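Read through the structure below, which is laid out as structure tokens, and then see the notes.
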Amino acid sequence: MSSVRVRFAPSPTGFFHIGSARTALFNWLYARHTGGVFILRIEDTDAARNSDAYLDVIYQSLAWLGLNWDEGPRVDANGGGECGPYRQSERGHVYREYLEKLRAAGRVYEKDGATWFRLLGERHEVYDEHRQKTVTKVKTAPMVIDDAIRGRVERVEDEDFVIFRSDGNPVFHFVNVVDDIAMRITHVIRGEDHLSNTSKHVALLEAFGVKPPVFAHIPLILKQNGPGKMSKRDQGALIEEYQKRGYLPEAVVNFITLLGWNPGGDREKLPVAEIVSLFDLPAVNQSNARFDDKKMAHMNMLYLLALPAAEFAARARTYFATLPAEAGAAALAADAAYFEAVMGLAQPKIKGFEELPAYTAYFWGEAYPTDEKAQAKALAKGEPKARLAELAELVRAPATDFSSDAALEAAIKALAEARGLGFGDYQGVARVAVTGLAAGPSITSLIRLLGRERVASRLERFAAGLGREA
RNA sequence: GCCCCCAUCGUCUAUCGGUUAGGACAGGAGAUUCUCAUUCUUCAAAGCGGGGUUCGAUUCCCCGUGGGGGCACCA
């Protein structure tokens, strides 16, 4: 086992952002790749913004993505890990202890009721135009960060900063560094938005006399449209959204991995186990990536298509179970073998589970909607009413061979040829009559699955409706 | 305003000084199928600009420009 220890340190704000997901993922990948330890630490020092209810969003999203943590909250088997507690709100004693270390070293002072960290160097006052106030600058040596992704980055940290608020609570920069020390973190893998903050962290690390961990700042995910990084409000930003829409987590993992990393060459669809074995920090890109929901959807389709039929059906069942009763109950009530058969027809056709309810509605009962445009188009030419009647008769006739798609197709073709028509003269109108839709699985397979009686009565009922309108 | 990071098709990217600059998504055209989707064929599409270094730069360096991030008693 390697000595690598990485952590994902989210703040429970009620959302689990796709950028956070990727940060968690890259940490997890690195831990798994190196045989190290993946730690979950909850950064909930801001009592005003955090809430226990929000924690579930984090646990739930990580679990869905398959990112299991070795140390942290909810690791029941071994009590969480040896560096607990893992919620910062429960680590006040640790922060006070570390504060005393700094105090003993003469590196802190009080001002305006808050506790400040003192930088070393000559001081002078200067007016800051941006903040429109006078600030004290400190002439310090540049902090050097040897970033595993960016290379050498140098930045001058030239102002003292608050480490304990006047309300007595410690500030992010402080707790982040203290916990990384206390939890013996070896690699800090986080978003590039922290790169500029890192000089603060290195200054703190130096004050504690601790050798800094390896830093690795990963690029940000930019919003699909418009300027800036992706935020909670953008389309596709929330992990729970993908979950709700029935995306396959392995597809989401594969996609967001590729936003900033790739194995080299042309390969894109990679099983997570292979990503784990190939992943490494130096191969992570340095430039920000723009989110693309079309490519995400495509990746999802690839995974859907590749699923074994039974697995597809099982996952589809789970998806239906998440829907409101009016959308999912009928499907769930169906006979298991029948349900699997319907899913067998849907799997090669749909791009995502979210299409499933509309795509399969007519399989679960007689109360399915009819697409007006599809209906108008199907009825526009020929003699639809006659075709429907002929087909109903054919379907009802016990002599008609239902044993295979090919046999049924041959029967319909024979019917068509006898009248100088083609298969298409029946297919379109029959589809609208039986499914209410313009598109769907092959007409012969869905007729066979629905059964003679159900199809015939739908054909007749539809034809009767035409009579009234005409 | 100050500081930091980045820069190849519309988008995600391959290339680690010498290539007809490749792939994928999206887009166009076509083929196949009973519709649709898949699949297949095919078309269009890129090295931000200017200086260097080099026999040779997409690749290395500098300057611009553009994009992104940071500059809180948020994390």
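A note on names: the letters A, B, ... follow the listed sequences, proteins ahead of strands, and every chain is numbered from 1. Side chains included, hydrogens not; waters and symmetry mates left out as well; all remaining heavy atoms used. Source: prediction; values computed, not measured.
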Evaluate the ring pair (Phe, Tyr, Trp, His ring centres under 6.0 Å) criterion for residues A/His194 and A/Phe172: first the C-alpha distance (whole Å), next the side-chain angles of each, then the deciding distance (0.1 Å), finally the verdict.
CA-CA 11 Å; A/His194 288 295; A/Phe172 163 74; 5.5 Å; yes
Decide salt bridge (Lys or Arg N to Asp or Glu O under 4.0 Å) for A/Asp158 and A/Lys139; before the verdict, give the C-alpha distance in whole Å, the side-chain angles of both, and the deciding distance to 0.1 Å.
CA-CA 6 Å; A/Asp158 62 358; A/Lys139 203 171 160 59; over 6 Å; no
Before you tell me yes or no, could you show the steps for A/Lys385 and A/Glu390 under salt bridge (Lys or Arg N to Asp or Glu O under 4.0 Å), namely the whole-Å CA-CA distance, both residues' side-chain angles and the distance that decides it to 0.1 Å?
CA-CA 9 Å; A/Lys385 211 172 167 185; A/Glu390 290 154 15; over 6 Å; no
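B/G1 is paired with B/C71 under the Watson-Crick or G-U wobble criterion, all donor-acceptor distances under 3.5 Å. When both distances must be under 3.5 Å, the Watson-Crick or G-U wobble mate of B/A37 does not exist. If you check B/A24 for Watson-Crick or wobble pairing at under 3.5 angstrom, you find it paired to B/U11. Applying the Watson-Crick and G-U wobble criteria (two distances, each under 3.5 Å), B/G18 pairs with B/C55. As the counterpart of B/G49, B/C63 is assigned, both hydrogen-bonding distances of the Watson-Crick or G-U wobble pattern falling under 3.5 Å.
Separating the C1' atom of B/U15 from that of B/A57 is a span of 13 Å, rounded to the nearest Å. When the P atom is used for both B/A46 and B/U8, the distance is 14 Å, rounded to whole Å. On the C1' atoms, B/C43 is 27 Å away from B/U35, given to the nearest whole Å. Across B/G64 and B/C6, the matching C1' atoms stand 15 Å from one another, rounded to whole Å. Spacing between B/U59 and B/C9 at atom P, rounded to whole Å, works out to 14 Å. B/U39 and B/C55 have their P atoms separated by 50 Å, given to the nearest Å.
Nearest nucleotide to the A/Asn197 side chain, out of B/G70, B/C36, B/C5: B/G70. Between B/C5, B/A75, B/C36, one nucleotide has an atom nearer to the side chain of A/Lys349 than all others, and that is B/C36. In this structure, the nucleotide among B/C36, B/A75, B/C73 sitting nearest to the side chain of A/Val162 is B/C73. With distances taken from any side-chain atom of A/Ala114 to the nucleotides B/U38, B/C73, B/A75, the minimum falls on B/C73. Closest contact between the side chain of A/Ala439 and the listed nucleotides B/U13, B/C73, B/U35 involves B/U35. Of the candidate nucleotides B/C73, B/C5, B/A26, B/A26 has the atom nearest to the side chain of A/Lys351. Side chain of A/His173, nearest nucleotide from B/C73, B/A14, B/A75: B/A75. With B/G68, B/A75, B/U38 as the candidates, the nucleotide lying closest to the side chain of A/Leu222 is B/G68. Proximity note for A/Asp193 (side chain, C-beta onward) versus B/G70, B/U38, B/G68: the nearest is B/G70. Relative to the side chain of A/Ser442, the nucleotides B/C34, B/A24, B/C25 differ in distance, and B/C34 lies closest.
Contacts between residues 412-435 of chain A and RNA chain B, defined by a heavy-atom separation below 4.0 Å, involve A/Phe423, A/Gln427, A/Arg431, listed by number. Near RNA chain B, defined here as any heavy-atom distance below 4.0 Å, the residues from residues 254-267 of chain A are A/Leu258, A/Leu259, A/Gly260, A/Asn262, A/Gly265, A/Asp266, listed numerically.
As a whole-Å value, the separation of A/Lys200 NZ from B/C4 P is 14 Å. Look at CZ on A/Arg22: it is 12 Å from C1' on B/C12, rounded to the nearest Å. In this structure, A/Lys232 atom NZ and B/A75 atom P are separated by 14 Å, rounded to whole Å. Distance A/Asp292 CG to B/A26 P: 8 Å, rounded to the nearest Å. Going from atom CD1 of A/Ile350 over to atom P of B/U38 covers 13 Å, rounded to whole Å. When rounded to the nearest whole Å, the span between NE2 of A/His194 and C1' of B/C71 equals 14 Å. Straight-line distance from the CE atom of A/Met143 to the P atom of B/C4: 15 Å, rounded to whole Å. The NZ-P distance, from A/Lys137 to B/C71, rounds to 13 Å in whole Å.
Using a 4.0 Å heavy-atom cutoff across all strands shown, A/Thr198 reaches no nucleic acid atom at all. A/His217 comes within 4.0 angstrom of nothing in the nucleic acid, heavy atoms only. Residue-level contact check: A/Ile443 touches the bases, meaning some heavy atom is under 4.0 Å from a base atom. Here A/Ala438 lies in heavy-atom contact (under 4.0 Å) with a base. Within the nucleic acid shown, A/Pro219 has no heavy atom closer than 4.0 Å to any nucleic acid atom. Contact annotation for A/Ser287: backbone-only contact, meaning every heavy-atom pair under 4.0 Å involves sugar-phosphate atoms and none involves a base. Using a 4.0 Å heavy-atom cutoff across all strands shown, A/Gly191 reaches no nucleic acid atom at all.
Scanning atom types as modelled, no donor and acceptor separated by under 3.5 angstrom connect the side chain of A/Glu192 and the base of B/G70.
When each of A/Arg107, A/Arg123, A/Lys111, A/Arg118 is checked for a salt bridge (Lys or Arg N to Asp or Glu O under 4.0 Å) with A/Asp160, only A/Arg123 meets the rule.
Of all heavy-atom pairs spanning A/Tyr319 and A/Pro357, the tightest one is CE2-CD, 4.0 Å. Here the closest heavy-atom approach between residue A/Tyr95 and residue A/Gln88 is recorded as OH-CG, 3.1 Å. Closest approach of A/Ala21 to A/Ile256, counting heavy atoms only: CB-CD1, 4.1 Å.
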Check: protein-nucleotides 1-3 of chain B nitrogen or oxygen pairs below 3.5 Å:
unit_1, atom_1, unit_2, atom_2, d
B/C3, O2', A/Arg155, NE, 3.2

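Less than 6.0 angstrom separates the ring centroid of A/His173 from the ring centroid of A/His201. For A/Phe117 and A/Phe174, the distance between ring centers is not under 6.0 angstrom. Between A/Phe279 and A/Trp261, the distance separating the two ring centers is shorter than 6.0 angstrom. In this structure, A/Tyr86 has its ring center at least 6.0 angstrom away from the ring center of A/Trp69. Taking the centre of each ring, A/Phe320 and A/Phe353 stay at or above the 6.0 Å mark.
Contact of the A/Ile145 side chain with the A/Arg152 side chain is not registered, since no non-hydrogen atoms from C-beta on lie closer than 4.5 Å. By the 4.5 Å heavy-atom criterion applied to side chains, A/Tyr242 and A/Pro249 are not counted as neighbours. Contact check for A/Tyr426 versus A/Leu421: side-chain heavy atoms found under the 4.5 Å cut-off.
At the phosphate of B/A75, OP1 or OP2 sits under 4.0 Å from a side-chain N or O atom of A/Arg165. Contact between the side-chain N/O atoms of A/Asn285 and the OP1/OP2 oxygens of B/U13 is found at a separation under 4.0 Å. Considering only side-chain N and O atoms, A/Lys295 lies nowhere under 4.0 angstrom from the phosphate OP1 or OP2 of B/G27.
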